Amino acid sequence: MKIWFATNNAHKKRELEAILGIQICIPSEENIPFNPEETGTTFCENALIKARELKNLIGGKNDFVIADDSGLCVDALNGRPGVLSARYGDTEGKKLTSAQKNLLLLDELGDSQKRSARFSCAMVLLVTNNRFTVVQEIIEGEIVKSREMMRGEGGFGYDPIFYLPSYGRTFAELSEDEKNGISHRGKAGKIISGILTAKYAEL
Ligand code: ITT
């Protein structure tokens, strides 16, 4: 029996393996083409779309599938980029790098005094297409006030611009363990881990 993670994002895989403390398998490692259309309007809907698509592709009866849909919601931008975080600023011909997305977001926020933001993570554990658990967790923080305050080499995506006042550091300045201990993904993953143990015992 395998535990699959319905993602193409190697950073997410690394974090989730550390959070769960077990090995998980992603489609690219088994040469499975995986390009689900994320047509949902919520993190939960998109997580379920990814999990169901991979379950259908692998067909494995006893294999569990986990999926994560996540993103950064900025209050001054009415919750954007939100579910579109991975595609923020992209145009048909051009996909921005994470660094470009971060700069674009800082430009869009300008000198707004309202810097509050949160990462959300909806995580699904799918046993069959009709048996699944969804959890959603968040971590509250602030968007740094300027390009000069964008800091850190750790993590991925928007981590260098996501500032935690209680740590005095950005997410990208935390160690992996520190980030996983408090992050949206870490909180969701710990809940899923407990459910995974219970479902495994049922087999
Ligand atoms: P999959 O759909 O293949 O899982 P993805 O990266 O496209 O990979 P999402 O659709 O869930 O995943 O988009 C999430 C985006 O939100 C991700 O690309 C990052 O830009 C951002 N994000 C999510 N969690 C993050 C984190 O912990 N740190 C920084 N950015 C994060």
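Remember, it's a predicted structure, so these values are computed and weren't measured experimentally. The figures that follow rest on heavy atoms only: side chains count, while hydrogens, waters and symmetry mates do not. Every number for a ligand or one of its atoms is a count from 1 in the order of the listing.
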Asker: Check ligand 1 against D69 and write out every atom of the ligand that is under 4.0 Å from a heavy-atom position of the residue.
Answerer: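 In order of numbering, the contacting atoms are 9 (P), 10 (O), 11 (O).
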
Asker: Under 4.0 Å from ligand 1, counting heavy atoms only, is it the side chain of H184, its backbone, both or neither?
Answerer: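 The side chain, only.
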
Asker: When you look at I66 and L16, which way does the side-chain contact (heavy atoms from CB on, under 4.5 Å) test go after all the steps?
Answerer: CA-CA 10 Å; I66 297 173; L16 191 63; 3.9 Å; yes

Asker: Can you find a non-hydrogen atom of S183 under 4.0 Å from ligand 1?
Answerer: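 Under 4.0 Å: no for S183.
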
Asker: Going by heavy-atom distance to atom 4 (O) of ligand 1, choose the closest among N102, N46, T7, L72.
Answerer: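 When every heavy atom of N102, N46, T7, L72 is considered, T7 comes closest to atom 4 (O) of ligand 1.
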
Asker: Nearest non-hydrogen atom to atom 16 (O) of ligand 1 belongs to which of P160, S28, S85, P36?
Answerer: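 Minimum heavy-atom distance to atom 16 (O) of ligand 1 goes to S85.
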
Asker: Please identify which atoms of ligand 1 are closer than 4.0 Å to at least one heavy atom of G157.
Answerer: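 The atoms of ligand 1 under 4.0 Å from a heavy atom of G157 are 29 (C), 30 (N).
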
Asker: Around K13, counting heavy atoms of other residues, nucleotides and ligands shown, do more than 12 lie under 6.0 Å from its NZ?
Answerer: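 Yes, because the 6.0 Å sphere around NZ of K13 holds more than 12 heavy atoms from other groups.
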
Asker: Check this for me, if you would: do K190 and E137 make a salt bridge, where the nitrogen-to-carboxylate-oxygen distance has to be below 4.0 angstrom?
Answerer: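 Looking at E137 together with K190, the answer is no, because their closest N to O distance does not fall below 4.0 Å.
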
Asker: What I want to know is whether N8 and ligand 1 share at least one N or O pair that is separated by under 3.5 angstrom.
Answerer: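 Yes; the residue has a nitrogen or oxygen that sits under 3.5 Å from a nitrogen or oxygen of the ligand.
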
Asker: When you measure from atom 6 (O) of ligand 1 to every protein heavy atom, which one gives the shortest distance, and what is it?
Answerer: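 Protein heavy atom at minimum distance: N9 ND2, 3.0 Å.
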
Asker: As a test of understanding, state which of L103, N102, D107, L109 forms a side-chain contact (heavy atoms from CB on, under 4.5 Å) with L105.
Answerer: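 Looking at L103, N102, D107, L109, the match for L105 under the side-chain contact (heavy atoms from CB on, under 4.5 Å) is L109.
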
Asker: Hey, are E30 and K2 close enough for a salt bridge, meaning a charged N less than 4.0 Å from a carboxylate O?
Answerer: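 Yes, this pair counts.
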
Asker: Can you name the closest pair of heavy atoms from P33 and L57 and give their distance?
Answerer: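 What the structure gives for the nearest pair is O-CD1, 3.6 Å.
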
Asker: Apply the side-chain contact (heavy atoms from CB on, under 4.5 Å) test between F132 and each candidate in T128, N129, V134, N130; give the one that qualifies.
Answerer: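 Testing F132 for a side-chain contact (heavy atoms from CB on, under 4.5 Å) against T128, N129, V134, N130 leaves exactly one candidate, V134.
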
Asker: With a cut-off of 4.0 Å, which atoms of ligand 1 are near a heavy atom of D159?
Answerer: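 What qualifies from ligand 1 is 26 (C), 28 (N), 29 (C).
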
Asker: Given F156, F34, Y88, identify the one with the heavy atom nearest to atom 29 (C) of ligand 1.
Answerer: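 Closest candidate by heavy-atom distance is F156.
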
Asker: Does the residue H11 have a heavy-atom contact with ligand 1, meaning some pair of atoms that are separated by less than 4.0 Å?
Answerer: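 So H11 does not count as touching ligand 1.
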
Asker: Would you indicate which of E15, R87, K12, K13 comes nearest to atom 5 (P) of ligand 1 when only heavy atoms are counted?
Answerer: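 Residue with the shortest heavy-atom distance to the ligand atom: K12.
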
Asker: Among all protein heavy atoms in this structure, tell me which lies nearest to atom 14 (C) of ligand 1, with the distance rounded to 0.1 Å.
Answerer: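 Heavy-atom neighbour on the protein nearest atom 14 (C) of ligand 1: S70 O, 3.0 Å.
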
Asker: Is the NZ or CZ atom of K101 positioned over Y88's six-membered ring, under 6.0 angstrom from the centre and within 45° of the axis?
Answerer: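 No, cation not above the ring by the 6.0 Å, 45° rule.
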
